[in-house]
4 protein chains.
Amino acid sequence: MKKNKPKYKQIIDAAVVVIAENGYHSSQVSKIAKKAGVADGTIYLYFKNKEDILISLFQDKMGQLIERIEQETTSRQTAEEKLLTLVQTHFEQLAADHHLAIVTQLELRQSNKELRYKINEVLKGYMVVIDQILDEGIKEKIFRDNLNRKLVRQLIFGMMDEAITNWVMKEQRYNIVDQAKDVHSFIINGLALSRDVKE
Amino acid sequence: MKKNKPKYKQIIDAAVVVIAENGYHSSQVSKIAKKAGVADGTIYLYFKNKEDILISLFQDKMGQLIERIEQETTSRQTAEEKLLTLVQTHFEQLAADHHLAIVTQLELRQSNKELRYKINEVLKGYMVVIDQILDEGIKEKIFRDNLNRKLVRQLIFGMMDEAITNWVMKEQRYNIVDQAKDVHSFIINGLALSRDVKE
Amino acid sequence: MKKNKPKYKQIIDAAVVVIAENGYHSSQVSKIAKKAGVADGTIYLYFKNKEDILISLFQDKMGQLIERIEQETTSRQTAEEKLLTLVQTHFEQLAADHHLAIVTQLELRQSNKELRYKINEVLKGYMVVIDQILDEGIKEKIFRDNLNRKLVRQLIFGMMDEAITNWVMKEQRYNIVDQAKDVHSFIINGLALSRDVKE
Amino acid sequence: MKKNKPKYKQIIDAAVVVIAENGYHSSQVSKIAKKAGVADGTIYLYFKNKEDILISLFQDKMGQLIERIEQETTSRQTAEEKLLTLVQTHFEQLAADHHLAIVTQLELRQSNKELRYKINEVLKGYMVVIDQILDEGIKEKIFRDNLNRKLVRQLIFGMMDEAITNWVMKEQRYNIVDQAKDVHSFIINGLALSRDVKE
DNA sequence: TATGAATGAGTATTCATTCAT
DNA sequence: AATGAATGAATACTCATTCAT
C-alpha cells in the first residue's frame with residue numbers, strides 16, 4: 001500500500017506547506033518535490049497526477065479530522081454535548097494547523113470543478129457523523145424532526161465552514177475556538193422543538 | 001460612465017453564459033468576446049483585464065441581488081418576515097438564473113485568492129442587510145442578543161451559501177426555493193430567545 | 001503640400017519628444033497624437049503609417065542639420081576649416097536638442113531594417129557634403145588621393161556618429177562639442193599627404 | 001556550466017541563422033527552437049528569456065572575435081602592424097560568417113535600449129585591446145599623445161563599425177577585407193606625430 | 001525505485017490602422 | 001478635415017508529465 005510508505009506522507013506534507021505558503025497557483029509540482037526532498041518524477045510514482053496529490057491531501061487530512069471528531073463525540077453522552085464536541089474539535093483541529101486551515105478553506109477551492117466534486121465525496125463521511133448525532137437528538141426529543149434532514153446537515157456544515165473561512169481570511173487574528181459555543185448554541189436552538197408561540 | 005454603455009452589459013452577460021457552460025478555466029477572453037459579438041480588443045476598452053471582467057460581473061450581479069433583497073424586505077413588517085423574504089428572494093433570484101448560479105457558486109471560487117478577497121468586499125453589503133434585520137429582531141424581542149453579532153451574520157450567509165452550492169452541485173435537480181422555509185425556521189429558532197430549559 | 005501645414009510639424013515635434021522620453025517601443029501612435037493635440041485618426045491624414053512619421057522626422061531634422069552644415073561650411077575658406085566647421089556644427093546641433101540626439105542616435109536605430117535603409121538614403125545627402133570638402137582638400141593638396149573615396153566619407157561619418165552615440169549613452173554628461181577639435185585633428189592627419197617615412 | 005553544453009551552442013547558432021534570414025522581428029522563439037532541433041521549452045532551460053538569447057549570442061560571438069584579435073595581434077611586433085592585424089582580423093572574421101555579420105551590424109541594433117547597453121558592456125573588452133595597442137604606439141613614438149584617449153578608441157571602433165555596416169547594407173557585394181588597408185592607413189596617419197606644418 | 005532533462009500545448013493582451021459620423 | 005471607438009492579428013513563456021538512464 002503506497003499510502004503507508006514514507007515518501008507518500010512526505011509529499012502530502014510538503015504539499016500542505018508549499019500551497020499554504022505560496023498559494024495554489026504558485027505551487028508547482030517541482031516546488032512540492034523540492035520541499036519533499038524527492039525528484040519531480042518521483043511524485044508520479046506515488047500519485048497519478050497533480051490533482052491526485054490534492055485529492056489525497058484532502059482525503060488524508062479531512063479523514064483524520066473526521067476520525068478525531070468521531071472519537072471525541074462517541075465519548076459524550078447527549079446529542080447536545082456531542083454537537084458541541086463536534087464543533088469544538090473541528091475548530092481546534094484547524095486552529096492547530098494553520099497551514100492546513102489555509103489550504104482547506106482558501107487554496108483548495110481554487111481547484112477545478114472536478115476536484116471539488118471529489119472533495120464533496122470526502123465530506124459525505126462528515127455528513128454521516130452529523131447525521132448520527134441528529135438521529136440521537138431526535139430520539140432524545142431535544143431535536144425536532146420537521147426539517148429536511150439532508151438540508152439540516154448541510155446547513156450545519158455550512159455554518160462551521162463559513163466561520164472558519166472568515167477566520168482564515170482575517171488571517172487567523174482571533175481565536176476561532178471561542179466561537180464554537182455560539183455556533184453550537186445557534187444550532188441547538190435552531191433544531192430545538194418549537195415552542196408554542198413559534199410557527 | 002462605462003458601466004451604462006450597452007457593450008459593458010453585453011460582455012458581462014456573455015461572460016456569465018460562457019463561464020457557466022464551459023467552466024472557468026475554459027473560458028478564454030476570445031470566447032467571451034465572440035459570444036458578446038465584439039472583437040477581442042473591445043473587451044479591453046471596458047475592462048482592465050480578464051480578472052476585471054469577473055470582479056465586475058460579481059459586483060454587478062450580486063449588487064442587483066442585494067438591491068432586490070433590500071427592496072423586498074423593506075416591504076415586510078416584522079424581522080421574522082423580513083428574514084423569510086431574504087432567504088426566499090436569495091434562492092429565487094439564483095433559481096431564476098441557472099447560469100449565474102453556477103458561476104457564483106462554483107466557477108468564480110476557482111479564481112485566485114486576490115479576486116476572492118475582492119468578492120468578499122462585495123459581500124459586506126449583504127452583511128449590512130442581514131445586520132439591519134438582526135437589529136430589528138432584537139428590538140422586537142424575538143431575537144436574542146447573547147450571540148456574537150458578526151459571527152451570526154456569517155453563519156446565516158454560510159447556511160444559505162452551502163444550501164445553494166449543494167443544489168448547484170446536484171445539478172439543480174430539486175427546487176431550492178422549497179428549502180427556504182426550513183432554512184428560515186432553523187435560523188429563527190436558532191436566534192430565538194432561549195427557553196428556560198435551554199442553557 | 002502637407003509638409004507645410006501646421007499639424008504636420010506639430011506631429012513631428014510631438015514624435016521627437018514622445019520617443020525621446022518614452023523610448024521607441026513605448027511610443028504608441030496614440031501617445032504621439034495626444035502630445036500633438038490631435039486625434040489618433042488625424043495622424044493618418046498626414047502620414048501613411050507609423051513608419052512614415054519616423055522617416056519624415058528623420059528627413060526633416062537631418063535635412064535641417066545638413067542644410068545648416070552646408071551654410072556654415074561654405075563661408076569657410078579652406079577644406080581644413082570647412083571640415084572643422086562640419087564636425088563642430090554637427091556636434092553643436094545635436095547638443096542643442098537633447099531630445100533629437102536621443103532619438104537619432106539610440107531610438108530610431110531600433111526601428112526595423114527597412115526603415116534603416118530609408119534613413120541611409122537621407123544620409124546620402126550628408127555624404128555629398130563631405131565629398132565636396134574632400135574634393136577641395138585634394139585640390140588644395142592638403143588631402144591625399146590614395147584612399148577609397150566612398151570609404152573615407154563613411155569612415156568620417158562613422159567617427160562622428162560613434163562619438164555622439166557614446167555621448168548620448170553616457171547621458172550627455174560631458175560636452176560633446178569639446179571633442180570636435182580632436183575628431184577634426186584625427187581626420188585631418190588621417191587624410192594628410194603621407195610623409196616620406198610613412199608607407 | 002550551461003554554456004558548455006551542446007544544446008546551448010545549438011540554440012545560439014540557430015538564433016544567428018534564423019535572425020539573419022528572417023530579421024529580428026520575424027524571429028520567433030519557436031522558429032529558433034525548431035532550427036535548433038529542440039522544443040520551445042528547452043530554450044528556457046538554457047536562457048532566461050528571448051533577450052537573454054540575444055545577449056548571450058553577442059557575448060559569445062563578439063567574445064570569440066575579440067579573443068581571436070588578441071591572439072593575432074600579440075604575434076605582431078609593432079603597434080602599426082598590430083593595428084593592421086586588428087582591422088584585418090575584424091573584417092575577416094565577419095566576412096567569414098555572413099549570417100553573423102548581418103546579425104551584429106543590423107538586426108541586433110533593433111533590440112531595445114537596455115539590450116544595447118549590455119552590448120556596450122561587451123564592447124568594453126574590445127576597447128581594452130585597442131587601448132593596449134595605442135599605448136604601445138605611443139611608447140614607440142609613432143602615435144601622438146595629444147588626443148583624448150577614450151575618444152580615439154571610440155573613433156577607431158566607429159570607423160570599422162561603419163565600414164562593415166555599409167558593406168552589409170550593400171549586401172556584402174564587395175570585399176570588405178580589401179578596405180582594411182585604407183582604414184588602417186587612415187588611422188595610422190590620423191594618429192601619427194604631427195608634422196611641423198600641422199597644428 | 002529514483003532521477004531530472006526534455007517536452008509542447010495553450011492564451012491574455014497590445015496597438016497600428018480603419019471608417020462611420 | 002477631424003474624430004475616436006472598434007478591430008483582430010500575433011507571440012513569449014510556464015509547467016504538468018514523460019522516459020531514458
Side-chain angles (χ1 to χ4, degrees), chain A residues 2 5-8 11 25-34 36-54, chain B residues 2 5-8 10-11 25-34 36-53, chain C residues 2 5-8 11 25-34 36-54, chain D residues 2 5-8 10-11 25-34 36-53:
Chain A
K2 281 191 171 167
K5 294 202 178 173
K7 288 199 176 163
Y8 180 89
I11 293 167
H25 285 112
S26 299
S27 296
Q28 295 80 359
V29 171
S30 62
K31 213 178 258 177
I32 295 172
K34 196 173 180 183
V38 300
D40 293 15
T42 305
I43 297 268
Y44 292 87
L45 297 176
Y46 294 88
F47 300 92
K48 215 165 67 240
N49 49 36
K50 186 179 179 181
E51 188 180 299
D52 191 30
I53 306 176
L54 303 175
Chain B
K2 282 196 169 160
K5 293 196 176 172
K7 290 202 175 157
Y8 180 89
Q10 267 175 52
I11 294 166
H25 285 111
S26 299
S27 296
Q28 295 83 354
V29 171
S30 61
K31 215 178 255 177
I32 295 172
K34 197 171 179 183
V38 300
D40 293 15
T42 305
I43 298 269
Y44 293 87
L45 296 177
Y46 295 88
F47 300 92
K48 221 169 55 244
N49 49 37
K50 187 179 178 181
E51 187 181 299
D52 191 31
I53 306 176
Chain C
K2 281 191 170 166
K5 295 201 175 173
K7 288 201 177 161
Y8 180 91
I11 293 166
H25 285 112
S26 299
S27 296
Q28 295 80 0
V29 170
S30 61
K31 212 177 258 177
I32 295 172
K34 195 173 181 186
V38 300
D40 294 14
T42 305
I43 297 267
Y44 291 87
L45 297 175
Y46 294 89
F47 301 91
K48 215 167 64 243
N49 49 35
K50 186 179 179 183
E51 188 180 298
D52 190 30
I53 306 176
L54 303 176
Chain D
K2 282 196 168 158
K5 292 196 179 174
K7 290 202 174 154
Y8 181 89
Q10 268 175 53
I11 295 166
H25 285 112
S26 298
S27 296
Q28 295 82 353
V29 171
S30 62
K31 214 179 256 178
I32 295 172
K34 198 172 179 183
V38 300
D40 291 18
T42 305
I43 298 267
Y44 294 88
L45 296 177
Y46 294 89
F47 301 92
K48 220 168 56 245
N49 49 37
K50 187 180 178 181
E51 187 181 299
D52 190 32
I53 306 176

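Not measured: the values here are computed from a predicted model. Every chain is numbered from 1 and lettered A, B, ... according to where its sequence line falls, protein lines coming before strand lines.
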Q) Considering residues at least two apart in sequence or located in another chain, which fulfil the side-chain contact (heavy atoms from CB on, under 4.5 Å) criterion with C:Asp52? A) C:Phe47, C:Lys48, C:Asn49, C:Ser56

Q. Base, sugar-phosphate, or nothing: which does D:Phe47 touch, judged by heavy atoms less than 4.0 Å apart?
A. nothing

Q: Return the set of residues passing ring pair (Phe, Tyr, Trp, His ring centres under 6.0 Å) with C:Tyr44 (not counting sequence neighbours), or none when no residue passes.
A: none

(Q) On a heavy-atom basis, which atom in A:Gln28 and which in A:Lys50 lie closest, and how many Å separate them? (A) CA-NZ, 4.4 Å

(Q) Let me spell it out: for each of B:Lys7 and D:Ser30, pick the nucleotide of DNA chain F with the closest heavy atom. Which residue's pick is nearer the 5' end? (A) B:Lys7

Q | Ranges pairing with ranges for DNA chain F, where each run has three or more Watson-Crick or G-U pairs under 3.5 Å | A | E:2-21 with F:2-21

Give me, pair by pair, the N or O atoms of the protein and of nucleotides 8-11 of chain F that are less than 3.5 Å apart, along with how far apart they are.
unit_1 : atom_1 : unit_2  : atom_2 : d
F:dG8  : N7     : B:Gly41 : N      : 3.1
F:dT11 : OP1    : D:Gln28 : NE2    : 2.9

Q: List in chain and number order the residues that pass ring pair (Phe, Tyr, Trp, His ring centres under 6.0 Å) with B:Tyr46, two or more places apart in sequence or in another chain; answer none if no residue qualifies.
A: none

Q: Determine yes or no for a side-chain-to-main-chain donor-acceptor pair under 3.5 angstrom, with D:Lys31 supplying the side chain and D:Ser26 the backbone.
A: yes

Q | chain D contact limits on DNA chain E, taken 5' to 3' with a cut-off of 4.0 angstrom to heavy atoms | A | E:dA6 to E:dG8

Q) Please give, in whole Å, the distance from F:dT14 P to A:Lys31 NZ? A) 12 Å

Q: To the nearest 0.5 angstrom, please state how far the CD1 atom of B:Ile43 sits from the OH atom of B:Tyr8.
A: 12.0 Å

Q.
Nearest whole Å is fine: how far is F:dT7 P from B:Ile43 CD1?
A. 10 Å

Q) What distance do D:Ile32 atom CD1 and D:Gln10 atom CD have between them, rounded to the nearest 0.5 Å? A) 13.5 Å

Q | Whole-Å gap separating P (F:dA16) and NZ (A:Lys48) | A | 16 Å

